[in-house]
Q: 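Just dropping this structure here.
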Amino acid sequence: MNQKISEQEAIRREALQQLRELGINPYPSETYDVNALAGEILEKYPADDSLFGEVQLAGRIMSRRIMGSASFAELQDDSGRIQLYFNRDEICPGEDKSMYNTVFKRLIDIGDIIGVKGFVFTTRMGEITVHVKEFTILCKSLRPLPVVKEKDGKVYDAFTDPEQRYRQRYLDLIVNPEVKDVFRRRARVIQSMRDFLLDRDYLEVETPVLQPIYGGAAARPFKTYHNKLDTTLYLRIANELYLKRLIVGGYDGVFEFAKDFRNEGMSRFHNPEFTQMELYVAYKDYAWMMDLVEEMIEKIVLDLHGTTLIPVGEHRIDFRRPWKRYTMYEAILHYTGTDISGMDEAAMRSFADEIGVETDESMGRGKLIDEIFGEKCEPHLIQPTFITDYPIEMSPLAKKHRSKEGLVERFEAICNGKEICNAFSELNDPIDQRARFEEQLELGRRGDPEAMVLDEDFLRAIETGMPPTAGLGIGIDRLAMILVNKPSIQDVLFFPQMRPESSVTASDEKDEFTSAGIPEEWAKILPQAGYSNLKSLKEANPNKVFNQLCGLRKKMKLDIPAPKPEDVKKWMQDENG
RNA sequence: GACUUGGUAGCUCAGCUGGUAGAGCACGUCCCUUUUAAGGAUGGGGUCCUGGGUUCGAGUCCCAGCCAGGUCACCA
């Protein structure tokens with residue numbers, strides 16, 4: 001494997017080599033036992049300076065200030081950063097000062113991982129510092145790290161390019177400590193939710209990601225193939241139909257934190273794979289589920305922030321119970337001033353046109369209501385709000401409303417202008433369910449790529465009998481965005497989906513040249529002379545190439561004989577003809 | 001998918017109406033015995049995203065493409 005390396009990387013590789021020559025293994029195998037963390041020392045030492053008389057810690061070097069025989073560095077471990085003090089005569093008590101002069105000063109770089117042994121003290125400047133008596137190289141870093149500096153809360157040279165931050169998340173985590181914290185908080189959201197559900201004795205389960213029939217949501221799937229079974233499988237878009245089968249099987253409450261996959265556009269609210277928590281509880285209805293959602297989210301927010309009132313973007317959002325509740329018709333009445341509940345499809349369409357909501361002929365009454373709501377109401381719902389009683393056309397898995405014609409028993413919680421959960425009284429009438437699937441099939445025949453497909457085994461399960469059940473889906477990523485106050489889903493996913501990096505590597509170029517009979521030592525250089533492929537080389541003037549190579553040889557102090565002009569000409573002729 | 005902004009050194013960015021590519025940090029060398037984003041001096045480092053075009057001459061102007069961000073559309 002060859003790769004283009006910058007000057008700084010070359011210097012690090014040289015240092016690596018020198019370490020080996022000094023008999024130091026830059027990548028040792030042994031356990032390095034640690035008895036303290038940076039954050040722990042900074043927290044406890046001020047109260048009791050008799051602590052930490054003998055500490056051993058390990059981490060990455062983040063900065064160095066070398067002044068003759070004394071040096072300061074910063075060590076970063078999982079808990080934070082702490083200053084290190086190195087003194088030549090303490091690192092090297094004997095005559096041989098190379099461990100300090102050579103190894104520490106010349107062969108260690110920012111980014112290297114070391115272990116240190118010493119004691120904690122406070123410098124004249126008042127900074128808690130580890131006085132290092134001994135250090136061990138645990139890993140030599142070959143790439144320069146972005147160096148971010150900070151003073152009084154002001155950050156200098158921050159590592160901010162989103163593309164690099166997402167593609168190289170490890171760098172982001174190393175140099176932007178608040179990013180690490182975001183993911184800790186995300187983990188706490190999930191843990192808090194899990195604790196809540198386990199406290200109620202619901203069973204955490206796992207259901208298939210690979211599904212022969214995808215269902216449970218309106219979305220386009222990813223398609224894959226199983227060789228042995230010779231069958232098409234889909235990555236799940238939801239796990240709803242599997243969890244309901246478990247309710248049929250007799251569990252009273254099941255939930256799953258599920259990775260779902262949807263083959264759709266990407267945006268700051270959409271990643272092709274995302275996490276959803278789905279919960280199904282027997283003998284309950286959607287009104288009961290609304291209370292559960294309120295209680296659960298309020299608890300999570302309290303666990304995370306210690307208060308229910310939190311900043312989100314330019315708003316302050318209060319999750320304290322009870323949340324506002326509107327039916328969909330009420331919400332539309334509230335935001336447009338018009339009661340549309342009695343309108344037929346034609347009246348509704350002209351009303352939509354009137355208020356500037358785009359419609360098309362394929363939209364039925366339910367879709368029109370949904371469009372009006374999405375356009376005129378949803379963006380205004382900043383404080384957590386339940387919207388209830390959705391049109392039946394949009395909800396093929398929800399039970400018909402007990403008293404309102406044309407609606408289903410469904411609610412969503414909207415917060416910060418976005419849906420954060422979706423729930424209903426689950427449809428358990430098998431005849432009705434089959435009819436709803438048939439309607440979906442009809443939509444599919446008319447070309448709706450997101451229409452649901454009919455799952456015969458799921459119907460068989462429902463025919464066996466499912467108790468009345470309340471079901472819930474919460475988008476974990478979207479909830480995390482709100483609770484950690486990040487505007488983009490990419491900020492709460494470690495590795496958001498990105499288009500693959502183009503991979504024209506130096507080795508490809510080199511191989512192309514060597515296979516044309518050009519010696520390897522020159523093939524390596526040619527890209528630097530501006531010839532990225534054989535074609536561009538052959539189009540060039542041989543004398544110019546010869547001169548460039550000689551120039552580069554001198555510039556790079558290459559220890560190889562200069563090429564002969566006739567050799568260069570020979571490389572550039574078409575050796576095939 | 002549409003519109004829009006951006007892509008210049010390892011990182012953050014400047015570069016005017018087109019005229020020899022710059023700064024800070026990082027890196028190398030030398031000096032300095034406790035510094036606080038920063039010691040002093042000095043030096044090296046570039047496929048200016050890619051490919052075409054205009055031009056005597058393109059980082060800069062034009063066209064096409066790639067990648068990313070934002071807005072919208074699609075979408076839970």
Side-chain angles (χ1 to χ4, degrees), chain A residues 4-12 14-15 62-74 83-90 106 109-111 121-127 129 131 141-168 171 175 216-220 237-238 260 262-272 274 276 358 370 374-375 378 394-395 412 414 418-422 449-450 473-475 477-478 487-488 490 496 498-502 504 506 509 526-532 536 555-557:
Chain A
K4 280 182 198 168
I5 57 174
S6 68
E7 184 192 31
Q8 290 194 47
E9 290 171 273
I11 289 164
R12 284 172 181 241
E14 180 59 29
M62 298 305 289
S63 74
R64 294 200 307 158
R65 295 182 287 275
I66 295 175
M67 28 256 316
S69 62
S71 298
F72 290 87
E74 278 183 296
Q83 178 166 272
L84 305 179
Y85 169 66
F86 291 79
N87 178 293
R88 182 183 59 207
D89 297 326
E90 298 215 37
R106 307 186 55 166
D109 289 292
I110 290 176
F121 75 113
T122 305
T123 64
R124 259 189 238 162
M125 301 298 292
E127 179 147 353
T129 300
H131 186 122
S141 165
L142 295 184
R143 285 178 184 266
L145 225 47
V147 176
V148 180
K149 298 194 176 179
E150 186 242 310
K151 163 81 169 174
D152 298 334
K154 193 173 174 195
V155 179
Y156 300 79
D157 300 325
F159 179 64
T160 51
D161 177 15
E163 178 168 2
Q164 292 199 77
R165 288 185 48 225
Y166 302 148
R167 285 194 198 277
Q168 301 187 69
L171 286 183
V175 305
R220 303 168 76 170
I237 57 172
D260 291 337
R262 298 187 183 176
N263 207 340
E264 291 162 352
M266 290 161 58
S267 75
R268 70 190 177 93
F269 292 103
H270 300 264
N271 194 65
F274 64 100
Q276 195 169 202
E358 281 183 39
D370 194 56
E375 189 78 19
E378 196 171 21
M394 316 300 302
S395 317
E412 292 187 359
I414 315 284
K418 277 277 167 191
E419 167 210 348
I420 55 171
C421 79
N422 182 15
E450 283 157 7
I474 291 191
D477 310 291
R478 295 222 184 137
S488 160
Q490 290 157 309
M498 304 283 274
R499 211 174 280 272
E501 280 182 277
S502 63
V504 178
E509 294 158 356
L526 282 165
Q528 297 188 36
Y531 305 103
S532 58
S536 66
K555 188 174 167 192
M556 298 168 70
K557 301 192 178 78

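So that the names make sense, note that chain A is the first sequence line, chain B the second, and so on, each numbered from 1.
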Q: Report yes if a donor N or O on one partner sits less than 3.5 Å from an acceptor N or O on the other, where the partners are the side chain of A/E127 and the base of B/U35; otherwise report no.
A: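 It does not, because no donor-acceptor pair links the side chain of A/E127 to the base of B/U35 below 3.5 Å.
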Q: Now, which nucleotide makes the Watson-Crick or G-U wobble pair with B/A64, with each of the two distances under 3.5 Å?
A: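 WC or wobble partner is B/U50.
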Q: Reading nucleotides 4-12 of chain B from the 5' end, what letters show protein touch, with B for base, S for backbone sugar-phosphate only, - for no heavy atom under 4.0 Å?
A: ------BSS
Q: Restricting to side chain to side chain donor-acceptor pair (under 3.5 Å), what partner residues turn up for A/S395, sequence neighbours left out?
A: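 If we apply the side chain to side chain donor-acceptor pair (under 3.5 Å) test to A/S395, skipping adjacent residues, the hits are A/R410.
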Q: Please enumerate all residues that pass side chain to side chain donor-acceptor pair (under 3.5 Å) together with A/R64, with sequence neighbours excluded.
A: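 Partners of A/R64 by the side chain to side chain donor-acceptor pair (under 3.5 Å) criterion come out as none, since no residue qualifies.
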Q: Which is true for A/R167 with a 4.0 Å heavy-atom rule: it touches a base, it touches only sugar-phosphate, or it touches nothing?
A: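 Touches sugar-phosphate only.
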Q: Under the rule for salt bridge (charged side-chain N to carboxylate O under 4.0 Å, His left out), what residues qualify as partners of A/D370, not counting sequence neighbours?
A: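 By the salt bridge (charged side-chain N to carboxylate O under 4.0 Å, His left out) rule, A/D370 matches no residue at all.
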Q: Suppose we screen for side chain to side chain contact (heavy atoms under 4.5 Å, CB included). Which residues come up paired with A/Q168, at least two apart in sequence or across chains?
A: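 For A/Q168, the residues satisfying side chain to side chain contact (heavy atoms under 4.5 Å, CB included) (neighbours in sequence not counted) are A/Q164, A/Y170, A/L171.
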Q: So does A/T123 reach the base of B/U36 with its side chain, donor to acceptor, closer than 3.5 Å?
A: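 Such a pair exists between side chain and base.
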Q: Among residues at least two apart in sequence or on other chains, which ones pass side chain to side chain contact (heavy atoms under 4.5 Å, CB included) with A/S63?
A: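 With sequence neighbours excluded, A/S63 shows a side chain to side chain contact (heavy atoms under 4.5 Å, CB included) to A/R65, A/E74, given in chain and number order.
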Q: Using Watson-Crick or G-U wobble geometry with both distances below 3.5 Å, tell me the partner of B/C27, or none.
A: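 Paired with B/C27, as far as the under-3.5 Å criterion goes, is B/G43.
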Q: Has A/R499 got a side-chain N or O lying under 4.0 Å from the OP1 or OP2 atom of B/C66?
A: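 It does not, given that no N or O in the side chain of A/R499 lies less than 4.0 Å from OP1 or OP2 of B/C66.
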Q: Any strand is fair game: report the nucleotide pairing with B/G57 by Watson-Crick or G-U wobble, both distances under 3.5 Å, or none.
A: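 Pairing partner: none.
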Q: Which residues satisfy the side chain to side chain donor-acceptor pair (under 3.5 Å) test with A/S267, sequence neighbours excluded?
A: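 Side chain to side chain donor-acceptor pair (under 3.5 Å) check on A/S267 returns nothing, list empty.
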Q: With A/T122, which residues qualify under side chain to side chain donor-acceptor pair (under 3.5 Å), at least two apart?
A: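 Side chain to side chain donor-acceptor pair (under 3.5 Å) list for A/T122, sorted by chain: empty.
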Q: Considering residues at least two apart in sequence or located in another chain, which fulfil the side chain to side chain contact (heavy atoms under 4.5 Å, CB included) criterion with A/E163?
A: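 A/E163 satisfies side chain to side chain contact (heavy atoms under 4.5 Å, CB included) with A/D161, A/R167, A/M498 only.
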Q: For A/R12, report the nucleic acid contact type (base, sugar-phosphate, nothing); a contact means any heavy atom under 4.0 Å.
A: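 A/R12: no heavy atom of the nucleic acid under 4.0 Å.
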Q: Mind calculating the distance between CE (A/M125) and C1' (B/U33) to the nearest angstrom?
A: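 From A/M125 CE to B/U33 C1': 16 Å.
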Q: 5'-most contact on RNA chain B: A/E378 or A/I66, nearest heavy atom basis?
A: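 Comparing both residues, the 5'-ward one is A/I66.
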Q: Going by side chain to side chain contact (heavy atoms under 4.5 Å, CB included), name the residues that satisfy it together with A/H131, two or more places apart in sequence or in a different chain.
A: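 Applying side chain to side chain contact (heavy atoms under 4.5 Å, CB included) to A/H131 gives A/Y85, A/E90, A/F119, A/F121.
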Q: If only side-chain N and O atoms of A/R106 are considered, is one of them under 4.0 Å from the OP1 or OP2 phosphate oxygen of B/G28?
A: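 The answer is no; no side-chain N or O of A/R106 sits under 4.0 Å from OP1 or OP2.
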Q: For B/U33, which nucleotide in any strand shown is its Watson-Crick or wobble partner with both distances under 3.5 Å?
A: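 Here B/U33 is not engaged in any pair, so there is no nucleotide opposite it.
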Q: Hunt down the Watson-Crick or G-U wobble partner of B/G1, both distances under 3.5 Å, from any strand shown, or write none.
A: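 B/C72 is the nucleotide pairing with B/G1.
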Q: Is the shortest side-chain N/O distance from A/R65 to OP1 or OP2 of B/G39 below 4.0 Å?
A: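 So the side chain of A/R65 is outside the cut-off, no N or O lying under 4.0 Å from OP1 or OP2 of B/G39.
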Q: Starting at atom CG of A/D109, determine the distance to atom C1' of B/G28, rounded to an integer number of angstrom.
A: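 Rounded to the whole Å, the gap is 11 Å.
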Q: Using nucleotides 48-50 of chain B, report all nitrogen or oxygen pairs with the protein that are shorter than 3.5 Å.
A:
none

Q: Quick one: look up who B/A14 pairs with, Watson-Crick or G-U, both distances under 3.5 Å, and put none if it's unpaired.
A: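 Check on B/A14: unpaired, no WC or wobble geometry under 3.5 Å.
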Q: Between A/I414 and A/S488, who's closer to the 5' end of RNA chain B by nearest nucleotide?
A: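 Going by which nucleotide is closer to the 5' end, it is A/S488.
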Q: Output yes when at least one side-chain N/O atom of A/Q83 is less than 4.0 Å from OP1 or OP2 of B/U34, else no.
A: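 Result: no.
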Q: Would you tabulate the nitrogen or oxygen pairs shorter than 3.5 Å linking the protein to nucleotides 73-75 of chain B?
A:
| residue | atom | partner | partner atom | Å |
| --- | --- | --- | --- | --- |
| B/C75 | O3' | A/E450 | OE1 | 3.4 |
| B/C75 | O2' | A/E264 | OE1 | 2.5 |
| B/C75 | O2' | A/E264 | OE2 | 3.3 |
| B/C75 | O2 | A/H270 | ND1 | 3.1 |
| B/C75 | O2 | A/H270 | NE2 | 2.5 |

